[in-house]
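Basis for what follows: all heavy atoms, side chains included, without hydrogens, waters or symmetry-related copies. For clarity, every value in this text was computed on a predicted model and none was experimentally measured. One is the number of the first residue; the rest follow in order along the sequence.
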Amino acid sequence: MTNIAILASGRGSNAKALIEKAKEFNNLNIALIVTDNKDAGVIEHAKNHQIDFAIIEKLSLSKAEHEQKILETLLSHNIQWIFLAGYMKLLSPDFIKVFYDAEFKQSRIINIHPAYLPEFTGLKAYERAFAADQDYSGITVHFVDAGMDTGPIIVQEKFEKRKDDTLEKFKKRGLNLEHKLYPKVLENLNHYLAKKDRRILYAL
Ligand code: GRF
């Protein structure tokens, strides 16, 4: 059994999509949800699906102390893979190192970013993509390295920006794609873990 944790800071719609998908697999278990925000919507999803959750706020802790607390919780749940789903803090190299997979030559930490990377890294990606003079944006799922949305790309797909779009409609279209792509990556991870062939993880 491979234990997965989701780290999320907000609404948790991607977490929900992952939780629902994981029910299809016998060898993958979403064992823990960690949030740094006591008001995060993701807590409700954890409760609804009887998944352990931990609220670990940064408050006056240093970044290192905060990450240490998260790490202890992850390790106590025997977590092997992490999916970031709207987690709003950049993970430090020391944290990422703990989840480095020598065989896989990547961290076992995956993130979803709402833009066609390397375009629009960082915060407010939907807003900036919408304001840009282009008729598409995209969604990217990638491995996490120490940079801001810079790790190796697993999959990315474009979606269109229409002439009559509002930011709201545009975001909704993107989010629908997020909810399709992220569970698909989970499915591929499940296959990869069974077969240990790295190409599987990328083949969508
Ligand atoms: C998503 O747009 C995700 O791509 C970004 O943060 C947002 C989180 O949304 N990293 P949700 O909490 O999964 O609903």
Practice item. Measure the CG-CD1 distance between Asn37 and Ile55 for me, rounded to the nearest 0.5 Å. Key: 8.5 Å
Check your understanding: Which is it for His49 and Lys23 under the side chain to side chain contact (heavy atoms under 4.5 Å, CB included) test, yes or no, and what are the steps along the way?
Key -> CA-CA 10 Å; His49 293 271; Lys23 293 189 192 300; 3.3 Å; yes
Check your understanding: Between Arg11 (side chain) and Ala40 (backbone), is there a donor-acceptor pair under 3.5 Å?
Key -> no
Point to revise | Heavy-atom side-chain proximity of Ile112 to Leu84 below 4.5 angstrom | key: no
Review point. Mind checking what makes side-chain hydrogen bond (donor to acceptor under 3.5 Å, both in side chains) contact with His191, not counting sequence neighbours?
Key: none
Review point. Do Asn111 and Phe143 come within less than 4.5 Å of each other through their side chains, counting heavy atoms only?
Key: no
Check your understanding: Is it true that atom NZ of Lys195 has more than 12 heavy atoms of other residues, nucleotides or ligands lying nearer than 6.0 Å?
Key -> no
Check your understanding: Which heavy-atom pair separates Val144 from Ser107 by the least distance, and what is that distance?
Key -> O-OG, 2.7 Å
Check your understanding: Do the side chains of Ile33 and Ile19 get nearer than 4.5 Å, heavy atoms only?
Key -> yes
Practice item. Might you confirm whether atom CG of Asp164 has over 12 heavy atoms from other residues, nucleotides or ligands at distances under 6.0 Å? Key: yes
Review point. Does a donor on one side chain sit under 3.5 Å from an acceptor on the other, for Gln80 and Thr2?
Key: no
Exercise for review: Could I get the full list of salt bridge (Lys or Arg N to Asp or Glu O under 4.0 Å) partners for Glu20, not counting sequence neighbours?
Suggested key: Lys16
Exercise for review: Could I get the full list of salt bridge (Lys or Arg N to Asp or Glu O under 4.0 Å) partners for Lys97, not counting sequence neighbours?
Suggested key: Asp94
Check your understanding: So how far is it from Ile79 CD1 to Arg108 CZ, rounded to the nearest 0.5 Å?
Key -> 11.0 Å
Review point. Same cluster or not: are Leu91 and Trp81 linked, directly or through other Ile, Leu, Val, Met, Phe, Trp or Tyr residues, by side-chain heavy atoms under 4.5 angstrom apart?
Key: no
Review point. Hey, mind stepping through Leu32 and Ile51 against side chain to side chain contact (heavy atoms under 4.5 Å, CB included) and telling me if it holds?
Key: CA-CA 6 Å; Leu32 178 69; Ile51 296 175; 5.6 Å; no
Practice item. Quick one: closest heavy-atom pair of Ile6 and Ala85, and the distance? Key: CG2-CB, 3.9 Å
Point to revise | Side-chain heavy atoms of His77 within contact of Thr73, under 4.5 Å | key: yes
Exercise for review: Take Leu90 and Met148 through the side chain to side chain contact (heavy atoms under 4.5 Å, CB included) test and state the conclusion after the steps.
Suggested key: CA-CA 7 Å; Leu90 196 61; Met148 173 76 88; 4.1 Å; yes
Point to revise | salt bridge (Lys or Arg N to Asp or Glu O under 4.0 Å) against Lys180, all qualifying residues, sequence neighbours excluded | key: Glu157
Study note, to complete from the structure: The reported gap from NZ in Lys58 to CD in Glu65 (rounded to nearest 0.5 angstrom) is 8.5 Å
Point to revise | pair Asn3-Met1: side-chain heavy atoms closer than 4.5 Å | key: yes
Review point. Taking the hydrophobic residues Ile, Leu, Val, Met, Phe, Trp and Tyr, and joining any pair whose side-chain heavy atoms are under 4.5 Å apart, which ones share a cluster with Tyr136?
Key: Tyr116
Review point. What's the spacing between Ile109 CD1 and Tyr100 OH if we round to 0.5 Å?
Key: 12.5 Å
Review point. Heavy-atom distance under 4.5 Å between the side chains of Leu189 and Leu201, does that happen here?
Key: yes
Review point. So do Val98 and Ile96 actually touch side chain to side chain, heavy atoms under 4.5 Å?
Key: no
Practice item. Taking the side chain as every heavy atom from C-beta outward, state whether Phe83 and Asn14 have any pair of such atoms under 4.5 Å apart. Key: no
Check your understanding: So, Thr150 and Asp145: side-chain donor and acceptor under 3.5 Å apart, yes or no?
Key -> yes
**Study point:** Geometric class of the Phe170/Tyr126 ring pair [parallel <30°, tilted 30-60°, perpendicular >60°]
**Key:** perpendicular
Study note, to complete from the structure: Rounded to the nearest 0.5 angstrom, the CG-CD1 distance for Asn48 and Ile43 is 12.0 Å
Review point. Checking salt bridge (Lys or Arg N to Asp or Glu O under 4.0 Å) for the pair Glu187/Lys21: CA distance, chi angles, key distance, verdict?
Key: CA-CA 8 Å; Glu187 181 173 3; Lys21 187 69 183 176; 3.5 Å; yes
Check your understanding: Can you tell me if Ser137 uses its side chain to pair, donor with acceptor, with the backbone of Ala115 under 3.5 Å?
Key -> no
Check your understanding: Do any pairs count as a salt bridge (charged side-chain N to carboxylate O under 4.0 Å, His left out) and have a residue in residues 31-54, sequence neighbours left out, and if so which ones?
Key -> Asp36-Lys89
Check your understanding: For Met88, which fellow cluster members are found when Ile, Leu, Val, Met, Phe, Trp and Tyr are connected by side-chain heavy-atom distances below 4.5 angstrom, either directly or through intermediates?
Key -> Leu123
Review point. In chain order, what residues pass the salt bridge (Lys or Arg N to Asp or Glu O under 4.0 Å) check against Glu127, with sequence neighbours excluded?
Key: Lys171
Check your understanding: Does any pair with a residue in residues 74-84 pass salt bridge (charged side-chain N to carboxylate O under 4.0 Å, His left out), and if so which ones, sequence neighbours excluded?
Key -> none
Check your understanding: Going hydrophobic residue to hydrophobic residue with side-chain gaps under 4.5 angstrom, can you get from Phe25 over to Ile110?
Key -> yes
Point to revise | Basic-acidic side-chain contact under 4.0 Å: Arg162, Asp135 | key: no
Check your understanding: Which value, rounded to the nearest 0.5 Å, describes the distance between Thr121 atom OG1 and His142 atom NE2?
Key -> 9.5 Å
Check your understanding: Same cluster for Phe120 and Val141 if Ile/Leu/Val/Met/Phe/Trp/Tyr side chains link at under 4.5 Å?
Key -> no
Check your understanding: How would you list, by chain and number, every residue that makes a ring-ring contact (aromatic ring centres under 6.0 Å, His included) with Tyr192, sequence neighbours excluded?
Key -> Phe104
Exercise for review: Run through the side-chain heavy atoms of Ile, Leu, Val, Met, Phe, Trp and Tyr, join any pair under 4.5 Å, and report what else lands in Leu117's cluster.
Suggested key: Ile153
Check your understanding: Would you say Phe159 and Ile154 are hydrophobically clustered, going by side-chain heavy atoms of ILVMFWY under 4.5 Å?
Key -> yes
Check your understanding: Looking only at heavy atoms, what is the nearest atom pair of Pro114 and Glu178, with distance?
Key -> CB-OE2, 3.6 Å
Check your understanding: If you look at every heavy atom in Asp165 and Phe130, which pair is closest and at what distance?
Key -> O-CZ, 3.7 Å
Revision key, fill the gap. Scanning both residues in full, the closest heavy-atom pair of Ile30 with Ala22 reads CG1-CB, 3.5 Å
Point to revise | Steps toward side chain to side chain contact (heavy atoms under 4.5 Å, CB included) verdict (Ile4, Leu28) | key: CA-CA 7 Å; Ile4 295 176; Leu28 276 190; 3.6 Å; yes
Point to revise | NZ/NE/NH1/NH2 to OD/OE distance under 4.0 Å, Lys69 and Glu72 | key: no
Check your understanding: Any chain of hydrophobic side-chain contacts (each under 4.5 Å) joining Tyr182 to Tyr87?
Key -> no
Check your understanding: So, for Leu74 and Ala5, which heavy atoms are closest and what is the spacing to 0.1 Å?
Key -> CD2-CB, 3.5 Å
Exercise for review: Could you tell me which residues satisfy side-chain hydrogen bond (donor to acceptor under 3.5 Å, both in side chains) with His45, sequence neighbours excluded, listed by chain and number?
Suggested key: none
